[in-house]
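If you're wondering where the values come from, they're calculated on a predicted model, not measured in any experiment.
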Amino acid sequence: SLTIYEVLLRDFTGDGSDSDGKHFGTFRTALPKVKYLATLGINAVELMPVMEFNGNNSWGNNTNNYMALDKAYGSPKDMRDFVAECHRHGIAVILDIVFNQSDGLHPWYQMYSAEANPFYNAVAPHDYSVLNDWRQESPIVRQQWDDCLRYWLTEYNVDGFRFDLV
């Protein structure tokens, strides 16, 4: 069984004292804390969304690029180092991913008007829409999800995913 510790990198090692993100936590500042996490007896870390989002101050639920690490959290090498350090301590890394919605800055959202967009629903067919609702039945949208999951598994060696409202 898993004992999971959820981490919002922004707050985990940062103090969040200013809006420009200079005091927000990163993979690099979280790296020395992995040993501490292991002492808690956890065996998995769930990272709240780390994919590119609008602005610097977010929980990451406003994704606008599913295959890019957000600039606020550091470099791809920083994330790879963090994942490797977790694995050295017997801790799995789970990514929280938001496949139900995206930010208005996602390129596919900007390509079409809301009414003509083949990738998004003009009106969400459910009661849980917050931002721009993906058209889940689209084969291209589904392929994007498959590509995205493979990318994070291969490029960053993560161990699994938690899906938000999908």
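Met111 and Val141 fall within a single hydrophobic cluster, where Ile, Leu, Val, Met, Phe, Trp and Tyr side chains are chained together by heavy-atom contacts under 4.5 Å. The hydrophobic clustering, which links ILVMFWY residues whose side-chain heavy atoms are closer than 4.5 Å, places Val98 and Leu131 apart. Linking Ile, Leu, Val, Met, Phe, Trp and Tyr residues whenever their side-chain heavy atoms come within less than 4.5 Å leaves Leu2 and Leu153 in two separate clusters. The hydrophobic clustering, which links ILVMFWY residues whose side-chain heavy atoms are closer than 4.5 Å, places Leu95 and Ile42 together. The hydrophobic clustering, which links ILVMFWY residues whose side-chain heavy atoms are closer than 4.5 Å, places Phe163 and Leu8 together.
You'll find the side chain of Asn61 stays beyond 4.5 Å of the side chain of Val130, heavy atoms only. Proximity of Ile91 to Val34: side-chain heavy atoms (C-beta onward) are separated by under 4.5 Å at one or more points. No side-chain heavy atom of Tyr109 sits less than 4.5 Å from a side-chain heavy atom of Phe119. Looking at heavy atoms from C-beta onward, Tyr156 lies in side-chain contact with Arg80 at the 4.5 angstrom threshold.
Residues Met51 and Asn65 share a closest heavy-atom pair of CB-O, 3.5 Å. The shortest heavy-atom contact between Thr26 and Ala72 is CG2-O, 3.6 Å. Residues Pro49 and Tyr73 approach most closely at O-CE1, 3.9 Å, considering heavy atoms. Between Gly41 and Thr3 the shortest heavy-atom distance is O-CB, 4.1 Å. Minimum interatomic distance between Ala114 and Ala122 (heavy atoms only, all atoms of both residues): O-CB, 3.5 Å. The shortest heavy-atom contact between Ala44 and Ile94 is CB-CD1, 4.0 Å.
Side chain of Asn117 to backbone of Trp108: a donor-acceptor contact under 3.5 angstrom is found. At distances below 3.5 Å, at least one donor-acceptor pair connects side-chain atoms of Gln110 with backbone N or O atoms of Gly104. A distance-only check finds no donor-acceptor pair linking the side chain of Asp103 to the backbone of Asn64 [under 3.5 Å]. One N or O on the side chain of Asp159 and one on the backbone of Val93 form a donor-acceptor pair closer than 3.5 Å.
For Lys71, the NZ atom is densely surrounded, since the number of other residues' heavy atoms within 6.0 Å is greater than 12. Summarising the local packing, CG of Leu40 is surrounded by more than 12 heavy atoms from other residues, nucleotides or ligands at distances under 6.0 Å.
Taking CG from Asp81 and CG from Leu31, the interatomic distance works out to 6.5 Å, rounded to the nearest 0.5 Å. Atom-to-atom distance recorded for Thr29:OG1 and Phe24:CZ is 12.0 Å, nearest 0.5 angstrom. Atoms CZ and CD1, from Arg135 and Ile140 in turn, are 11.5 Å apart once rounded to the nearest 0.5 Å. For the atom pair Lys33 NZ and Thr13 OG1, the distance stands at 7.5 Å (nearest 0.5 Å). Rounding to the nearest 0.5 Å gives a distance of 10.0 Å between CD of Gln101 and OH of Tyr120. Atom NE2 of His87 and atom CG of Asn157 lie 5.0 Å apart (nearest 0.5 Å).
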I would like to know whether Asp70 and Val50 meet side chain to side chain contact (heavy atoms under 4.5 Å, CB included); could you show each step before the answer? CA-CA 6 Å; Asp70 191 79; Val50 297; 5.8 Å; no

Residues Met79, Trp152; criterion side chain to side chain contact (heavy atoms under 4.5 Å, CB included); working and verdict: CA-CA 11 Å; Met79 182 174 174; Trp152 291 97; 3.7 Å; yes

Can you check side chain to side chain contact (heavy atoms under 4.5 Å, CB included) on Asp164 and Ile97, steps first, answer last? CA-CA 6 Å; Asp164 187 87; Ile97 276 188; over 6 Å; no

Given side chain to side chain contact (heavy atoms under 4.5 Å, CB included), test Leu69 with Phe27 step by step and report yes or no. CA-CA 11 Å; Leu69 179 62; Phe27 281 110; 3.6 Å; yes

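Side-chain rings of Phe99 and Tyr66 approach one another, their centers coming within less than 6.0 Å.
The only option from Phe53, Trp134, Tyr112 that meets the ring-ring contact (aromatic ring centres under 6.0 Å, His included) definition with His106 turns out to be Trp134.
Side chains of Asp133 and Asn121: a donor on one and an acceptor on the other come within 3.5 Å.
Both the sub-6.0 Å distance and the 45° axial angle are not jointly satisfied by Lys77 relative to the ring of Phe82.
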